[in-house]
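Written out below as C-alpha cells is the structure these notes cover.
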Amino acid sequence: MNEHLQNDIVNLDTLLEKVKEQGVEYLTKITDRPTSTKNIVEGKLNLSEIGFGTIETLKQFNERFEPIMVSTSGPRFWGYVTGGSTPASIVGDWLTTIYDQVSFATQGQGDISALIELEAIQLMLDLFELPNNFLGGFVTGATMSNFTCLAVARQWIGKELGKDFAKEGVSGHINILTATPHSSAIKSLSLLGLGSKNIIIIKTQDENREAINIAELENKIIDLCGEPFILISSGGTVNTVDFDDFIAIAKLKEKYKFWWHIDAAFGGFAVCSKTHKHLVNGWEKADSITIDCHKWLNVPYESAVFFVKEQHKLLQVETFQNSNAPYLGNPLENFSYLNFLPENSRRLKALPAWFSLMAYGKRGYQEIVDNCIKLSNQFGQFIKDNNQFELLAPVRLNTVCFTLKGEENQEKVNVFLRLLNDTGIVFMTPTIYNGQKGIRAAFVNWRTTEKDIVTVTRLMTEIIDQLK
Ligand SMILES: *Cc1c(COP(=O)(O)O)cnc(C)c1O
C-alpha cells in the first residue's frame, strides 16, 4: 500500500479530529466571515508524483483556498436564493460520506439507501402537506428536478401523440405553455430535445405580476383544439416570488388534457407558514412538482427532490429505465431508483434531509420559514420608508426586489450594488424587472436575525449617501 495511504489510515483519528476542529471554527465564526472576496489563488499546480499525504494537503488547502472561502451559507448572503446547512444536515452529510453506500437504492436487496430515501420522501410529503400519491426522489438541484419531471412529461405527451419518445426520439411539434419560467426549466427543454424556443409564452396577470393570466391561458388552450400540452407553472418566481393560481389551473385540468408541472423550488416552503400556505392551495393536483432542498430546507448542496404522481410510474420507468442490465432486475417488480431518475450510481443524498427533518420536525421548519418571511418584510419596510430606495414589487414571501428611487438613478444601481457587495458584509444579486435595473435580497438562511437586518440597512444608508 502507498506510504501516504498507509499513514493516513493509521492517523485517521487525528485527521478527522483536525477537520472537526476546523469545521467548528468555521461554523461558529461564519457570521464574521466575509460574503465576498477579491483575492484569487495564485500559481499553477501540477500533479505530484508521490503525493503529499493528507496532513500536508490540508495545510496547502488551508494556505491557498481556505482564506478565500466566503460565507455563502452564512446569515447575510442574500444573493440568488441561497440556503445554509443546519447542524443536523451536516451530521447527515458527514455520515453519507463515511458510510459511502453504493446507492443503486434497490429495495430489499441489501441496500439501505432506498429505505432511507423513501422515508425521507415521506417526511418531505408530510412537510409539504402533499398526498401520498406522489413518487419522489432526490436529485442534485432544482434544475435536475425540473429536468426529471419534464422528461416524464415528454414521455406523456409522446404517448398522447401515439409515440414512444424514449425509444423513438422526439418528433413533431410539442406545445409547452408557461408565463414566467425559471431559466432552468428552459435549459431542461433544451436538454430534453423539446426545444427551448418551442415555448408559448402566456401573458401574466398584469404588467406588475409574474403569475400566469388564467383567462389568456384558457384562450390559448382553446386555440390548441384539443392538442395535448405541457404547462410549466411557477410556485414562486425568482424576481418577485409570484405564484400562479393553482386552484384555477386545477379547474382547467378537469376540462383539458395537459401535463401540469410546478416549479416550486423554494416557494413551495410557503406551505410551512400558516399565514402564507394559501399561496400553494391546489398544488396537490399537479402531475409533477420541483422542490429544492439546498435552498430553504437548509441542507448542504447538492439536494433537491422531484415529486411525480404515482399514476405516471410506467411513463417514468419508460423514460429512465436502465435497460439491458439483467442484474438490476425488472424495474416494475423490483423498485430501484436508477429506473426513476437520471443517475445510476449516486451518493445517499437523502440522508442530510432525513437528519434535518427528523431533528427539527414540522415546527422547526415552520419557524425557519416564518422567520425568513418576517425578516424580508422588515427589510421591505426599510426600503419603503427610505426615500432613496423603492420596491419594484410587493414582498410576497421571502424576497425583496428593489431599486434606487428615481429614473436618473438607474445608472447608479450597479455601482451601489458593487460597493455594497465589496464590503463583504452582505451579498445581493442584480436583476432586471419590468425593464428596470434592480437588486434582489432573498431570505432563506436559518441563521439570519433582526440584527443582520439592522447591520445591512445601516450600511446601505451609508453607501447611498456616499453616492449622492
Ligand atoms: C433555484 C431555482 C431553480 C434551479 O435550482 P438549482 O438548485 O440551482 O438547480 C429552479 N427553479 C427555481 C424557481 C429556483 O428558484
Side-chain angles (χ1 to χ4, degrees), residues 72-73 77-85 89 93 124 128 136-151 153 176 178-192 196 199 204 209-212 230-244 246 260-272 276 279-280 283 286 288-307 341-343 346 349-350 352-353 369 372-373 376 393 396-401 427-431 433 440-445:
T72 61
S73 54
F77 197 91
W78 301 346
Y80 317 102
V81 183
T82 314
S85 303
S89 72
D93 203 62
M124 293 286 283
F128 291 111
F138 280 79
V139 286
T140 50
T143 302
M144 282 314 289
S145 174
N146 280 332
F147 174 88
T148 305
C149 294
L150 291 172
I176 298 151
T178 186
T180 316
H182 188 265
S183 53
S184 67
I186 313 267
K187 176 174 173 172
S188 300
L189 296 176
S190 314
L191 290 170
L192 289 164
S196 57
I199 47 174
T204 54
R209 294 290 302 270
E210 292 185 301
I212 200 164
I230 297 169
L231 175 69
I232 302 177
S233 66
S234 291
T237 55
V238 170
N239 264 339
T240 70
V241 200
D242 212 346
F243 288 73
D244 291 344
F246 298 151
W260 179 17
H261 174 63
I262 300 177
D263 181 352
F266 67 96
F269 285 83
V271 78
C272 300
H276 288 71
L279 291 168
V280 294
W283 72 332
S288 57
I289 300 176
T290 284
I291 298 280
D292 232 336
C293 301
H294 54 219
K295 288 177 181 165
W296 227 343
L297 197 68
N298 279 268
V299 306
Y301 290 104
E302 309 169 332
S303 184
V305 295
F306 61 80
F307 294 122
L341 42 73
E343 302 97 337
R346 50 195 191 122
K349 279 194 216 314
V369 169
C372 290
I373 295 174
S376 63
R396 294 199 179 86
L397 192 65
N398 64 329
T399 297
V400 181
C401 185
F427 192 87
M428 301 182 199
T429 34
T431 190
Y433 182 64
R440 283 175 60 262
F443 297 82
V444 259
N445 191 292

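We number each residue from 1, following the sequence as shown. Counting starts at 1 for both ligands and their atoms, in listed order.
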- Nearest protein heavy-atom contact for atom 3 (C) of ligand 1: which residue, which atom, what distance? His182 CE1, 3.2 Å
- Testing Ile289, Val280, Val271 for side-chain contact (heavy atoms from CB on, under 4.5 Å) with Phe128, which one passes? Val271
- Considering the heavy atoms of Ala265, write down every atom of ligand 1 situated less than 4.0 Å from one of them. 2 (C), 11 (N), 12 (C), 13 (C), 14 (C), 15 (O)
- Message: Using a 4.0 Å cut-off to any heavy atom of Gly141, which atoms of ligand 1 qualify?
- Response: 7 (O), 9 (O)
- Side chain, backbone, both or neither: the part of Val238 lying under 4.0 Å from ligand 1 by heavy atom: side chain
- Provide the number and element of each atom of ligand 1 under 4.0 Å from a heavy atom of Asp292. 1 (C), 5 (O), 6 (P), 7 (O)
- Item | Residue, atom name and distance, where the atom is the protein heavy atom closest to atom 8 (O) of ligand 1 | Thr143 OG1, 4.1 Å
- Asn146: which of His182, His261, Lys187 passes side chain to side chain donor-acceptor pair (under 3.5 Å): His261
- Message: Check contact between Lys295 and ligand 1, using heavy atoms of the residue and a distance below 4.0 angstrom.
- Response: yes
- Within-shell test, His294 vs ligand 1, heavy atom, strictly < 4.0 Å: yes
- Mutual orientation of the aromatic rings belonging to Phe266 and Trp296 [parallel < 30°, tilted 30-60°, perpendicular > 60°]: tilted
- Working for side-chain contact (heavy atoms from CB on, under 4.5 Å), residues Ser288 and Phe306: CA-CA 7 Å; Ser288 57; Phe306 61 80; over 6 Å; no
- Item | Pairing residues for Trp78 by the ring pair (Phe, Tyr, Trp, His ring centres under 6.0 Å) criterion, not counting sequence neighbours | Phe379, Phe443
- Message: I'd like to know whether ligand 1 has Ala304 as a neighbour, heavy-atom separation below 4.0 Å.
- Response: no
- Task: Could you tell me whether Ala142 and ligand 1 have an N or O pair separated by under 3.5 Å?
- Result: yes
- Sub-4.5 Å side-chain heavy-atom contact between Leu231 and Thr178: no
- Between Tyr80 and ligand 1, which residue portion shows a heavy-atom distance shorter than 4.0 Å: side chain, backbone, both, or neither? neither
- How are the rings of Phe77 and Tyr80 set to each other: parallel, tilted or perpendicular (split at 30° and 60°)? parallel
- Query: Under 4.5 Å between any side-chain heavy atoms of Cys293 and Val305, yes or no?
  - Reply: yes
- Taking only heavy atoms of Phe266 into account, list the atoms of ligand 1 that are under 4.0 Å away from them. 15 (O)
- Task: List every atom of ligand 1 that sits less than 4.0 Å from any heavy atom of Ser184, numbering the atoms from 1 in the order shown and giving each element.
- Result: 3 (C), 4 (C), 10 (C), 11 (N)
- What protein heavy atom sits nearest atom 11 (N) of ligand 1, and how far away is it? Asp263 OD2, 2.6 Å
- Are Val139 and Glu302 side-chain neighbours, meaning at least one heavy-atom pair lies under 4.5 Å? no
